[in-house]
Amino acid sequence: MSEGPKSTGFEPVVKPRSGVLTGALWGVAIVGVAGVLYIIAQSSTKTAPRGTPGAAATALQKSFIAKVQIPAEPRPAPDYTFYDSAGKAVRIADFKGKVVVMNIWATWCAPCVAEMPTLAKLKAVYAGKDVEVVAVSIDSETSAAKARLFIARHEPLAFFHDREMKLPFKINAAGAPTTVIYGRDGMEKARVAGEADWSGTDARALVDKALAGD
């Protein structure tokens with residue numbers, strides 16, 4: 001899957017139709033399904049002029065802050081199952097008592113691939129603390145091996161897989177990547193739609209705020 005001429009740092013996610021469809025009907029179903037979600041982030045990333053590293057860092061920070069969404073009312077994490085690298089069923093509730101930074105990504109999503117190293121740095125920063133960075137792949141079963149190999153190159157992140165590819169719709173995500181921060185109580189504290197630099201000070205401030213219970 002490729003991005004258009006102007007990258008928005010976001011890839012739309014198509015909702016899978018329930019039930020079993022034959023190969024002959026699949027093409028028709030994709031065209032006719034009313035639940036298809038094609039919402040693309042409206043903001044685009046601006047690049048700072050060359051030779052001005054300070055300005056570039058400031059631009060990244062502003063870009064991150066602009067993407068942060070705080071729910072008017074905290075929402076609970078969905079009671080939905082995905083799987084770890086060993087095939088064990090996992091739910092966000094299993095991490096209760098910790099702050100969870102849950103990222104939805106896929107190998108076909110260029111912005112997801114681009115931001116993954118920063119998520120790995122975030123996890124490393126909070127090693128030994130009550131913070132879990134959970135990157136959940138929404139790749140198909142046929143692409144799961146590719147996704148697993150990709151995550152293996154970004155330690156200390158672990159591999160998690162949403163086999164049914166329904167997690168984006170369980171959390172009302174318009175596309176990938178989408179990252180949601182859940183507090184120790186399992187309630188959503190904030191989310192970021194689109195590619196972001198999770199290794200920066202603003203990202204850590206967001207996590208620290210959730211750790212403090214704010």
Test your reading of the model: is there a side-chain donor-acceptor pair from Thr118 to the backbone of Trp198, 3.5 Å cut-off?
yes
Phe160 vs Met102 side-chain heavy atoms within contact, under 4.5 Å:
no
Minimum heavy-atom separation for Arg148 and Ser85, please, with both atom names.
NH1-O, 3.0 Å
Pro78 versus Leu167: any side-chain heavy-atom pair under 4.5 Å?
yes
How far apart are the C-alpha atoms of Asn172 and Arg75, what are their side-chain angles, what is the distance that settles it, and do they pass the side chain to side chain contact (heavy atoms under 4.5 Å, CB included) test?
CA-CA 11 Å; Asn172 296 317; Arg75 297 179 288 249; 5.7 Å; no
Output all residues satisfying side-chain contact (heavy atoms from CB on, under 4.5 Å) with Lys96, sequence neighbours left out; order by chain, then residue number.
none
Specify the closest pair of heavy atoms between Ala196 and Phe64, including all atoms of both residues, with the distance to one decimal.
CB-CD1, 3.7 Å
Show every ring pair (Phe, Tyr, Trp, His ring centres under 6.0 Å) that has at least one partner inside residues 134-156, sequence neighbours left out.
Trp105-Phe150, Phe150-His154
With side chain to side chain contact (heavy atoms under 4.5 Å, CB included) as the criterion, how do Val101 and Thr179 come out once you've worked through the C-alpha distance, each side chain's angles and the decisive distance to 0.1 Å?
CA-CA 7 Å; Val101 181; Thr179 305; 3.5 Å; yes
Any side-chain heavy atom of Arg191 within less than 4.5 Å of one from Ile171?
yes
Between Thr107 and Ala147, which heavy-atom pair has the shortest distance, and what is it?
CG2-CA, 3.6 Å
Taking the side chain as everything from C-beta on, heavy atoms only, tell me whether Asp162 gets closer than 4.5 Å to Pro168.
yes
How close do Val192 and Val68 get, heavy atom to heavy atom, and via which atoms?
CG2-CG2, 4.0 Å
Got a second to check how far Met187's CE is from Tyr182's OH, nearest 0.5 Å?
10.0 Å
Side chain proximity check, Glu155 to Lys123, heavy atoms < 4.5 angstrom
no
Nearest 0.5 Å, please: how far is OG1 in Thr178 from CD in Gln69?
8.5 Å
A side-chain contact here means heavy atoms from C-beta on lying under 4.5 Å apart; do Pro74 and Glu188 qualify?
no
Find the distance between SG (Cys112) and CG (Asn103) and round it off to the nearest 0.5 Å.
6.5 Å
Judged by atom type as modelled, is there a donor-acceptor pair below 3.5 Å linking the side chain of Lys67 to the main-chain atoms of Glu195?
yes
Does any N or O in the side chain of Tyr126 come within less than 3.5 Å of the main-chain N or O of Arg204, such that one atom is a donor and the other an acceptor?
yes
Going from CG on Leu206 to CD1 on Ile70, what distance comes out if it is rounded to the nearest 0.5 angstrom?
5.5 Å
Same cluster for Leu211 and Leu119 if Ile/Leu/Val/Met/Phe/Trp/Tyr side chains link at under 4.5 Å?
yes
Determine the minimum heavy-atom distance between Phe159 and Ser137, stating which atoms define it.
CE1-CB, 4.1 Å
Considering all heavy atoms, the nearest Ala77-Ile92 contact:
CB-CG2, 3.5 Å
Is there a side-chain contact between Ile138 and Lys166 in this structure, where contact means two heavy atoms from C-beta onward sitting under 4.5 Å apart?
no
Would you mind checking if Asp139 and Lys146 are paired as a salt bridge, meaning a charged N to carboxylate O distance below 4.0 Å?
no
Under a 4.5 Å side-chain heavy-atom rule over Ile, Leu, Val, Met, Phe, Trp and Tyr, are Tyr83 and Val136 clustered together?
no
Side chains of Met116 and Ile151, heavy atoms from C-beta outward: is any pair under 4.5 Å?
yes
